[in-house]
2 protein chains.
Amino acid sequence: MRTRGGDRRAAILRAAAELFAARGFRSVSIEDLGRAVGTTGPALYRHFPGKEALLAEVLLDISERLLRQGTEHVAAHPDPNDALDALLRGHIAFALAEPALITVHDRELLHVPEEPRRKIRRLQRAYLEQWVDVLAAVRPTTPTPVLRTAVHATFGLLNSTPHSAGELDRDHLAELLFTMARTALLAAGK
Amino acid sequence: MRTRGGDRRAAILRAAAELFAARGFRSVSIEDLGRAVGTTGPALYRHFPGKEALLAEVLLDISERLLRQGTEHVAAHPDPNDALDALLRGHIAFALAEPALITVHDRELLHVPEEPRRKIRRLQRAYLEQWVDVLAAVRPTTPTPVLRTAVHATFGLLNSTPHSAGELDRDHLAELLFTMARTALLAAGK
DNA sequence: CGGTCCTGTTAATGCTCATTAACATCGGAG
DNA sequence: CTCCGATGTTAATGAGCATTAACAGGACCG
């Protein structure tokens with residue numbers, strides 16, 4: 001029994017993110033995951049060493065994508081104000097496109113085993129430092145701890161997206177989040 | 001074996017919030033909860049009908065406290081600008097004082113059984129509507145769905161507190177959050 | 001005193017679930 | 001055509017854990 005694109009694996013990752021976001025890591029069984037991609041539970045072990053490793057890979061993937069996207073945006077915009085806007089729009093686009101990933105991302109890190117968790121944290125920290133560096137260029141007099149905290153808080157604001165079930169259409173929501181986040185971030189610098 | 005204050009029950013609720021916040025509902029066993037308050041696991045059943053009911057009570061308590069506090073603040077400030085500031089400061093104080101409660105509050109609702117969940121949601125919605133009403137008085141021309149979403153996003157910002165491990169001291173953090181949230185909220189109204 | 005409620009304790013009970021075993025099937029390489 | 005590796009399937013296995021049973025002591029009330 002072969003899949004056309006050859007990516008049962010990718011399908012599992014996608015389904016896992018969705019299910020973990022909706023019901024929480026511990027409440028999703030291996031059998032649930034198998035069923036979601038049209039196989040039985042144990043088939044999963046042909047693709048991943050175990051349930052926790054699967055979660056780790058989901059989180060690793062998210063963190064890497066965010067960091068890579070951030071790096072690209074920063075590189076593409078020499079002016080820090082432009083870079084900041086690009087970071088904001090990029091993060092918002094990601095959050096709107098992949099609410100499940102965003103949800104899992106800050107909810108389930110706790111269930112990842114020690115070693116991959118360290119790596120994920122490193123990536124998350126690197127992503128955050130990108131923001132801090134850009135922000136520091138815009139607000140040179142504000143102490144770094146303040147900037148770091150402000151960026152953290154901004155992530156909280158942006159990642160609230162999945163909880164705001166569609167009262168607004170995508171574009172208005174994106175615009176609203178952009179405005180709020182940008183003003184909040186700049187207000188943080190005194 | 002009697003407890004002096006007679007509140008084994010309250011101790012369990014406190015410990016549960018702490019443990020659920022740190023490790024997640026499903027990862028905390030009845031035995032863990034018992035041990036945390038100096039008894040064995042099953043003793044818990046003398047105070048709560050079960051683990052889910054215990055979680056429900058924790059969340060109910062939080063939601064009620066936030067709503068009550070909000071009501072008081074709104075009642076105490078006829079001017080909507082003052083009321084908004086009071087709501088902000090109140091929420092921030094709560095989040096800083098009880099990071100565990102805040103964490104559990106928006107992470108574990110999913111594990112609460114149907115019936116209490118409805119009640120908790122109603123309280124959360126009522127709390128949110130308090131903010132929306134006050135904000136609407138300050139920004140009369142902004143459509144309600146925008147205000148609602150903005151308040152949601154602001155909660156995301158404020159509740160990020162537990163994740164910002166102490167880079168800043170309490171007072172600076174509170175002030176920073178206040179400034180960011182206030183500007184974001186007001187910027188939302190065009 | 002004697003009984004009853006309250007709160008604990010330890011020892012079942014049963015279920016869910018991750019993981020592994022043992023056994024198919026199929027497609028492609030030779 | 002045949003063999004092998006990749007991928008599935010179903011049936012153990014075993015652990016963890018919520019919940020319940022059965023039993024005990026102490027406080028308070030009469």
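Atoms considered below: every heavy atom in the structure, side chains included; atoms not considered: hydrogens, waters and symmetry mates. Labels below follow one simple rule: chain letters A, B, ... track the order of the sequence lines, proteins then strands, and each chain is numbered from 1.
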Length of the line joining A/Glu52:CD and C/dC17:P, which is rounded to integer Å
16 Å
Consider only side-chain N and O atoms of A/Asp106 and B/His163, and report whether a donor and an acceptor are under 3.5 Å apart.
no
Any salt bridge (charged side-chain N to carboxylate O under 4.0 Å, His left out) involving residues 154-172 of chain A? Give me the pairs, sequence neighbours left out, ordered by first then second residue.
A/Glu167-B/Arg148
Across all chains, not counting sequence neighbours, the side-chain hydrogen bond (donor to acceptor under 3.5 Å, both in side chains) partners of A/Asn81 are A/Arg182
Does B/Phe25 have any ring pair (Phe, Tyr, Trp, His ring centres under 6.0 Å) partners at least two apart in sequence or in another chain, and if so, which?
B/Phe20, B/His111
Rounded to the Å, how far apart are A/Asp32 CG and C/dC17 C1'?
10 Å
Roughly how many Å is it from CG in A/Leu33 to P in C/dC17, rounded to a whole number?
12 Å
Which of residues 34-48 of chain A have a heavy atom under 4.0 Å from DNA chain D?
A/Thr39, A/Thr40, A/Pro42, A/Ala43, A/Arg46, A/His47
Nearest-Å distance, NZ (A/Lys51) to P (C/dT20)?
15 Å
List in chain and number order the residues that pass side chain to side chain contact (heavy atoms under 4.5 Å, CB included) with A/Arg122, two or more places apart in sequence or in another chain; answer none if no residue qualifies.
A/Lys119
Atom-to-atom span, CG of B/Leu55 to P of D/dT19 - whole angstrom:
12 Å
Here the distance between atom C1' of D/dT9 and atom CZ of A/Arg8, to the nearest Å, is 13 Å
Mind listing the closest non-hydrogen atom pair of A/Ala36 and A/Leu19 along with its distance?
CB-CD1, 4.0 Å
Is it the case that B/Arg89 places NZ or CZ above or below the six-membered ring of B/Phe178, under 6.0 angstrom from the centre and within 45 degrees of the axis?
yes
Do you see a donor-acceptor pair shorter than 3.5 Å between the side chains of B/Thr71 and B/Gln130?
yes
Distance check needed: C/dA18 C1' versus A/His111 NE2, whole Å only.
15 Å
Mind checking whether B/Thr154 and A/Met180 have side chains closer than 4.5 Å, heavy atoms only?
yes
Separation of C/dT10 C1' from B/Ile30 CD1 (nearest whole Å):
16 Å
Can you give me the dot-bracket string for DNA chain D, 5' to 3', counting Watson-Crick and G-U wobble pairs with both distances under 3.5 Å, using [ ] for crossing pairs and | for partners on another strand?
||||||||||||||||||||||||||||||
